[in-house]
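Chain letters run A, B, ... following the sequence lines, proteins first, then strands; residues in each count from 1. Atom set for the values below is all heavy atoms of this structure, side chains included, hydrogens, waters and symmetry mates excluded.
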Protein chains: 2
Amino acid sequence: MGHPDIRSHAPLTHGDLKVDGSGYLYDAAMRRAVVEDAGEGSVEVFEALAALRLAAKRIHDAMERFAEGHGLSESRLRVLTRLCHRPSRQLPLGALAEGMDVTPRTMTDIIDVLERDGLVKRVPDPADRRSVQAVITEAGLERINAMRRDATTKQAAIAQGFTADQLVDLRHLCLLLVRNLSGDAEGS
Amino acid sequence: MGHPDIRSHAPLTHGDLKVDGSGYLYDAAMRRAVVEDAGEGSVEVFEALAALRLAAKRIHDAMERFAEGHGLSESRLRVLTRLCHRPSRQLPLGALAEGMDVTPRTMTDIIDVLERDGLVKRVPDPADRRSVQAVITEAGLERINAMRRDATTKQAAIAQGFTADQLVDLRHLCLLLVRNLSGDAEGS
DNA sequence: TCACTATAGTGAGTGTCCTCACTATGGGGC
DNA sequence: GCCCCATAGTGAGGACACTCACTATAGTGA
């Protein structure tokens, strides 16, 4: 039952970080590329955005690699985790899709695989017969519990060297971006 | 001939941002989900990471939508932009792949489409006959130039309300994360 | 000159996520 | 009862990026 094989995928050009005069990190290769991309736009904006995207990609890759080590993908891991934290150990597909910011159709696929692997079961909801509940199985719970300690360790590694304030800042700045991207696109 | 159709894809649960007691943004739905996910780990870490990923996704979606409005995808737009900023108007596929943090194989696909649309031409490199140069065509240049003004406007909208310091902070924090994720995975 | 190894690009196949279209059920009005 | 529309999930098909395996060229070194 082949897993997709994410494996290391050596960091390409980006990744050799340097510190500028004021103590802030930057990536030389990225800065070069950004200058080429930006043209008339603000270079700072581009560079921040590029850094953000690089970080997101690396986080995604790391999560994927971690999950893959336990026979899951990142999405499937997130579903399992969510179900496991539920007192009832179950959730309708639609709710799962919303919570993970994917389309309902995608959740169908994710649950398909999870069910095929015996980690989740589809159960019709007697209260609303359109709805299908995803219920985590014993095997699913075992899988998650086996990953627990491991996960906590990795998390700590990721946030190594971050102060609480920095984490709040990071969240705030990212959500500022989200807000700018939500309302407008052509609005005021 | 058939673009993929990214269109709006209404923001799901996430996106209704609030401000906490100290003036920092947070997303109620996200915080709820994070608490469920986190378990023993640090909630702050999870929430910052979730915010970062949400921002990355929104940026990606916005860029994709923008590019699609001009008959391109985000990747193809980036390739064209890069080529266009090159004095020689060309670059080998491998260099493009590196600069964009994708595998060489993926760049082959991207160039395939660009070439099919007449925006780029493959030209063998006489100096190194293994190498293939991607050269932007007249049509490609026109396409890019038509997007220019539009792009600058969007950029400004994204960074609306950001100070220069905040942009540097954002970059720095993201690259800190990148650095944490680069060396280890299991190292100290 | 003949390996021997590294590099550039591509063919073949996979996984994930998306959109569109469709079925089935729920919940009104009338 | 019936009609109308919204909602939950899925089938079909596509875009994108990845892996592995392969070819062709380059650059050594015996």
Side-chain angles (χ1 to χ4, degrees), chain A residues 1-10 12 53 56-57 60-61 63-65 67-68 71-79 91-98 100-117 120 122-134, chain B residues 1-10 12 53 56-57 60-61 63-65 67-68 71-79 91-98 100-117 120 122-134:
Chain A
M1 40 179 71
H3 309 122
D5 270 336
I6 301 299
R7 76 196 60 204
S8 50
H9 162 255
L12 308 174
R53 305 187 63 183
K57 181 162 190 177
H60 177 77
D61 288 354
M63 298 265 275
E64 203 78 57
R65 205 155 48 240
E68 202 241 340
L72 292 170
S73 74
E74 186 193 5
S75 309
R76 296 197 277 279
L77 170 59
R78 288 177 69 193
V79 167
L91 228 37
L93 298 212
L96 283 168
E98 270 209 9
M100 288 181 41
D101 204 18
V102 297
T103 62
R105 188 59 186 83
T106 299
M107 190 50 62
T108 294
D109 286 338
I110 294 172
I111 297 295
D112 280 350
V113 178
L114 244 17
E115 189 168 33
R116 182 161 49 54
D117 291 352
V120 147
R122 276 184 171 85
V123 175
D125 181 342
D128 182 344
R129 288 172 45 204
R130 294 168 303 177
S131 179
V132 176
Q133 300 280 329
Chain B
M1 42 184 67
H3 310 122
D5 270 338
I6 299 298
R7 74 197 59 205
S8 50
H9 161 254
L12 307 175
R53 306 187 62 181
K57 180 163 190 175
H60 176 78
D61 287 354
M63 297 266 275
E64 202 79 57
R65 205 156 47 239
E68 202 240 340
L72 293 170
S73 75
E74 186 194 5
S75 311
R76 296 196 278 277
L77 170 58
R78 289 177 69 194
V79 167
L91 228 36
L93 298 213
L96 282 168
E98 269 207 10
M100 288 180 42
D101 204 18
V102 298
T103 62
R105 188 60 186 83
T106 299
M107 189 50 62
T108 295
D109 285 340
I110 294 172
I111 298 294
D112 280 351
V113 178
L114 243 18
E115 189 168 32
R116 182 160 49 54
D117 292 353
V120 147
R122 275 184 170 87
V123 174
D125 182 344
D128 182 344
R129 290 173 44 205
R130 293 168 303 178
S131 181
V132 176
Q133 300 280 329

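- Side-chain N/O atoms of A:T106 include one lying less than 4.0 angstrom from OP1 or OP2 on C:dC18.
- Residue contacts shown for B:D125 are absent, as no nucleic acid heavy atom lies under 4.0 Å away.
- Phosphate proximity of D:dA15 to B:S73: absent, as no side-chain N or O sits under 4.0 Å from OP1 or OP2.
- Phosphate contact (OP1/OP2 of D:dC18, side-chain N/O of B:T103, threshold under 4.0 Å): present.
- When the P atom of D:dG14 is taken as reference, atom CD of B:E68 falls 17 Å away, rounded to whole Å.
- The separation between B:M107 atom CE and D:dC16 atom C1' is 12 Å, rounded to whole Å.
- A straight line from CG of B:D109 to P of C:dG13 spans 14 Å, rounded to a whole angstrom.
- With salt bridges taken as basic N to acidic carboxylate O contacts below 4.0 Å, one links B:D112 and B:R122.
- In this structure, A:M63 places its CE atom 15 Å from P of C:dT16, rounding to the nearest Å.
- Rounded to an integer number of Å, the gap from B:I111 CD1 to C:dA8 P is 16 Å.
- For the OP1/OP2 pair of C:dG11 and a distance below 4.0 Å, the side-chain nitrogens and oxygens of B:T108 include no atom meeting the criterion.
- Following rounding to the nearest Å, A:E64 (CD) and D:dC18 (C1') show an atom-to-atom distance of 11 Å.
- In terms of position on DNA chain C, the residue among A:R129 and A:S75 whose nearest nucleotide sits closer to the 5' end is A:S75.
- The separation between B:R65 atom CZ and D:dA15 atom C1' is 17 Å, rounded to whole Å.
- Nearer the 5' end of DNA chain C, as judged by each residue's closest nucleotide, is the contact made by A:V113, out of A:V113 and A:P126.
- Of the residues near DNA chain D, A:D128 and A:D112, the one whose nearest nucleotide (by heavy atom distance) lies more toward the 5' end is A:D128.
- Note on A:R122: a side-chain N or O is less than 4.0 Å away from OP1 or OP2 of D:dT10.
- At whole-Å resolution of the value, CG in B:L96 and P in C:dA8 are 13 Å apart.
- Ion pair B:R53/A:E74 flagged as a salt bridge, since at least one NZ, NE, NH1 or NH2 atom sits closer than 4.0 Å to an Asp/Glu carboxylate oxygen.
- Donor-acceptor pairing under 3.5 Å, judged by distance alone, is present between the side chain of B:R130 and the base of C:dT7.
- When heavy atoms are screened at a 4.0 angstrom cut-off, A:R105 is found touching base atoms of the nucleic acid.
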**Residues B:D125, B:V132; criterion side-chain contact (heavy atoms from CB on, under 4.5 Å); working and verdict** = CA-CA 6 Å; B:D125 182 344; B:V132 176; over 6 Å; no
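- Searching all strands for a Watson-Crick or G-U wobble partner of D:dA6 with both distances below 3.5 Å returns C:dT25.
- Ion pairing between A:K57 and A:D61 fails under the 4.0 Å rule for side-chain N and carboxylate O.
- Counting heavy atoms from C-beta outward, A:M100 and A:S75 have side chains that approach closer than 4.5 Å.
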